[in-house]
There are 2 protein chains.
Amino acid sequence: MTQPSFCCPDHSGAQDAASILSQAQARAARLGLRLTPVRLRTLEMLIAAHGALGAYDVLEKLAAEGFGTQPPVAYRALNWLVEHGFAHRIRRLNAFTACSHPAHDHAAAFLICTACDSVTEAPAAEVTAALTDAAGQAGFAIDRATIEAVGRCHACTGAAA
Amino acid sequence: MTQPSFCCPDHSGAQDAASILSQAQARAARLGLRLTPVRLRTLEMLIAAHGALGAYDVLEKLAAEGFGTQPPVAYRALNWLVEHGFAHRIRRLNAFTACSHPAHDHAAAFLICTACDSVTEAPAAEVTAALTDAAGQAGFAIDRATIEAVGRCHACTGAAA
DNA sequence: CCTTGACTGTTATGATATAACATTAGATAG
DNA sequence: CTATCTAATGTTATATCATAACAGTCAAGG
Ligand SMILES: [Zn+2]
Ligand SMILES: [Zn+2]
Ligand SMILES: [Zn+2]
Ligand SMILES: [Zn+2]
């Protein structure tokens, strides 16, 4: 349910997975963050996943690899990755996805395809600017924002009529 | 926990509650939608609430008033209200809030104050336009979007240092 | 050594949400 | 005015998501 039997043609996960991972490792080194075995494996799973993974999906895999078997194991790793900018939480799906640009801090929007379950991270600088502006008119000062869109990805728009 | 002991000074809930409710009733009449007793009471609760209400908060009140006592009672009313534009779901809070402009369909952004737990609906036409544009550049066609910001409302920015 | 703090693990529980089915109340056709 | 159909409401039971609280491990520093 979390993952379709195969991926969107244009969801080029595999080809830049190595690149994302090395960016993440570079970031961790630069900031002195400890990317421990559980955290690293969790991040690798998120990177390898075609869509977002639920905490219990991650937990199941971690347990199968000999890590802890209880929910906090997965939640701790996932929350740590999110806090430190290696992953994002997708609230609409109660799930998590690897950050595709861990090299730098950034505002992101997520594009969730209802046909293939892919989740794409889109640059959201302008969206965030518009949101900050709209909030400012109400006298509201933004800390963090969640921007998620549900629809059809490029591949699925073309494919299914 | 869902509701602070008292409200932000500028959260003028009470004064336009009647107006929001009558707009909602007009909408229901216009579209031939049945705003039954459970649905109406649920909507009134959302309108009266200072912040968003969780499904179980609503359920508790409904049960106390003689409606059903089980979760589906609340979830059905809430989901119906959301589907038909009378309320919005706030994913970050796992909660629901009354739509403050039920007269017309609209894209909305939500401003969630971490100090007073208020949730304000802000017009989001421009934010949505920016998001649609960003998605379009990735070939993604948006159905619906969730836009939620966490921060400090006007009253709380002034009040707390 | 031995304390300290970060990390990993566990048990137990809490919080959110839905599936499946029974019952009731309005609408409609004969 | 019934028979029938459907939308709405209710229930039981269960699924799914998330955290609190505490115990053991281990490496760094005094
Ligand atoms: Zn990112
Ligand atoms: Zn797709
Ligand atoms: Zn609204
Ligand atoms: Zn506030």
Side-chain angles (χ1 to χ4, degrees), chain A residues 1-3 28 31-43 45-46 49 51-84 86-97 117 119 146 148, chain B residues 1-3 28-29 31-43 45-46 49 51-84 86-97 117 146 148:
Chain A
M1 182 202 256
T2 316
Q3 209 171 310
L31 301 180
L33 300 171
R34 294 181 53 194
L35 208 40
T36 60
V38 219
R39 293 170 182 167
L40 178 60
R41 281 300 296 134
T42 301
L43 178 56
M45 284 172 197
L46 293 181
L53 292 180
Y56 282 75
D57 295 330
V58 169
L59 177 59
E60 192 177 356
K61 299 182 194 222
L62 288 174
E65 296 185 14
F67 294 102
T69 62
Q70 301 306 313
V73 169
Y75 280 101
R76 275 198 291 245
L78 290 166
N79 288 331
W80 187 91
L81 291 170
V82 170
E83 271 165 26
H84 295 90
F86 298 103
H88 298 284
R89 185 169 199 151
I90 309 297
R91 305 212 88 111
R92 187 173 280 265
L93 303 176
N94 291 326
F96 300 80
T97 190
D117 292 332
V119 176
T146 299
E148 297 173 0
Chain B
M1 185 199 252
T2 316
Q3 208 171 310
L31 301 180
L33 299 171
R34 294 181 52 195
L35 209 42
T36 61
V38 218
R39 292 169 183 168
L40 178 60
R41 281 301 295 135
T42 301
L43 179 56
M45 284 171 197
L46 295 181
L53 292 181
Y56 282 77
D57 295 329
V58 168
L59 177 59
E60 192 177 355
K61 298 182 195 222
L62 288 175
E65 296 185 14
F67 293 101
T69 62
Q70 301 306 313
V73 170
Y75 280 102
R76 275 199 291 245
L78 289 165
N79 287 331
W80 186 92
L81 291 170
V82 170
E83 272 166 25
H84 294 90
F86 298 102
H88 298 285
R89 185 170 200 152
I90 309 298
R91 305 213 85 113
R92 183 150 211 132
L93 302 177
N94 291 326
F96 301 81
T97 190
D117 291 332
T146 299
E148 297 173 0

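We name chains A, B, ... by the order of the sequence lines, and we start the count at 1 in each one. Just so you know, these numbers use all the heavy atoms, side chains as well, and skip hydrogens, waters and symmetry mates.
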*With no hydrogens and no angle check, is any side-chain donor or acceptor of B:Asp57 less than 3.5 Å from a backbone partner on B:Leu53?*
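No, because the side chain of B:Asp57 does not come within donor-acceptor range (under 3.5 Å) of the backbone of B:Leu53.
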_Looking at B:Arg91, is its backbone amide N or carbonyl O close enough to the side chain of B:Glu148 to form a donor-acceptor pair, meaning the two atoms are under 3.5 Å apart?_
yes
*B:Phe86: what forms a ring-ring contact (aromatic ring centres under 6.0 Å, His included) with it, not counting sequence neighbours?*
B:Trp80
*Report the residues that fulfil ring-ring contact (aromatic ring centres under 6.0 Å, His included) with B:His88, sequence neighbours left out, ordered by chain and then residue number.*
B:His106, B:Phe110
*Between A:Val38 and A:Ala77, which heavy-atom pair has the shortest distance, and what is it?*
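Result for this residue pair: O-CB, 4.5 Å.
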*Write down the atom of B:Gly68, the atom of B:Leu59, and the distance for their closest heavy-atom approach.*
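Closest pair (atom of B:Gly68, atom of B:Leu59, distance): O-CD1, 3.8 Å.
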Take the protein atom [atom1] of [X] and the nucleotide atom [atom2] of [N], then report the distance between them rounded to whole Å.
| X | N | atom1 | atom2 | answer |
| --- | --- | --- | --- | --- |
| A:Asp57 | D:dC17 | CG | P | 8 Å |
| A:Leu78 | C:dC7 | CG | P | 16 Å |
| B:Leu62 | D:dA8 | CG | P | 17 Å |
| B:Ile90 | C:dA17 | CD1 | C1' | 17 Å |
| B:Gln70 | C:dA19 | CD | P | 17 Å |
| B:Arg92 | D:dC17 | CZ | C1' | 16 Å |
| B:Asn79 | C:dT18 | CG | P | 6 Å |
| A:Leu59 | D:dC17 | CG | C1' | 12 Å |

*Residues two or more places apart in sequence or in another chain: which of them pass side chain to side chain contact (heavy atoms under 4.5 Å, CB included) with A:Pro37?*
A:Phe67
*Taking side chain to side chain contact (heavy atoms under 4.5 Å, CB included) as the test, write out the residues that go with B:Thr69, two or more places apart.*
B:Ala63
*To the nearest 0.5 Å, what is the distance between CG (B:Leu40) and CE (B:Met45)?*
10.0 Å
*Nearest 0.5 Å, what's the OG1-CZ distance between A:Thr146 and B:Arg92?*
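That separation rounds to 3.5 Å.
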*Through what angle, rounded to 10 degrees, does the axis of the helix from C:dC1-D:dG30 to C:dG30-D:dC1 turn between its ends, using five pairs per end?*
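Rounded value for the end-axis angle: 10°.
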*asked:* According to side-chain hydrogen bond (donor to acceptor under 3.5 Å, both in side chains), who are the partners of B:Arg89, at least two apart in sequence or on a separate chain?
replied: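 Scan of B:Arg89 (side-chain hydrogen bond (donor to acceptor under 3.5 Å, both in side chains), adjacent residues dropped) gives none.
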*Check whether any side-chain N or O of A:Thr69 sits under 4.0 Å from OP1 or OP2 of C:dG9, and answer yes or no.*
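Answer is no, no contact under 4.0 Å.
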*Taking only residues at least two apart or on different chains, which pairs with a member in residues 31-43 of chain B satisfy salt bridge (Lys or Arg N to Asp or Glu O under 4.0 Å)?*
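Counting only pairs at least two positions apart or across chains, the salt bridge (Lys or Arg N to Asp or Glu O under 4.0 Å) contacts touching residues 31-43 of chain B are B:Arg41-B:Glu44, B:Arg41-B:Glu65.
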*Which residue pairs pass the salt bridge (Lys or Arg N to Asp or Glu O under 4.0 Å) test when at least one of the two sits in residues 67-79 of chain A, sequence neighbours left out?*
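Not a single pair qualifies under salt bridge (Lys or Arg N to Asp or Glu O under 4.0 Å).
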For nucleotides 20-26 of chain C, which of its nitrogen or oxygen atoms have a protein nitrogen or oxygen under 3.5 Å away, and what is each distance?
none

*Report the C-alpha distance between B:Phe96 and B:Asn79 in whole Å, list the side-chain angles of each, state the deciding distance to 0.1 Å, and finish with yes or no for side-chain contact (heavy atoms from CB on, under 4.5 Å).*
CA-CA 9 Å; B:Phe96 301 81; B:Asn79 287 331; 4.2 Å; yes
*Ignoring the backbone of A:Arg39, work out which of C:dT8, D:dG10, C:dT11 is nearest its side chain.*
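Per side-chain heavy atoms of A:Arg39, the pick is C:dT8.
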Which protein N or O atoms sit under 3.5 Å from an N or O of nucleotides 13-16 of chain C?
none

*Mapping B:Val38 and A:Arg91 to their closest nucleotides on DNA chain D, which lands nearer the 5' end?*
B:Val38
N/O-N/O pairs, protein side and nucleotides 23-25 of chain D side, under 3.5 Å:
none

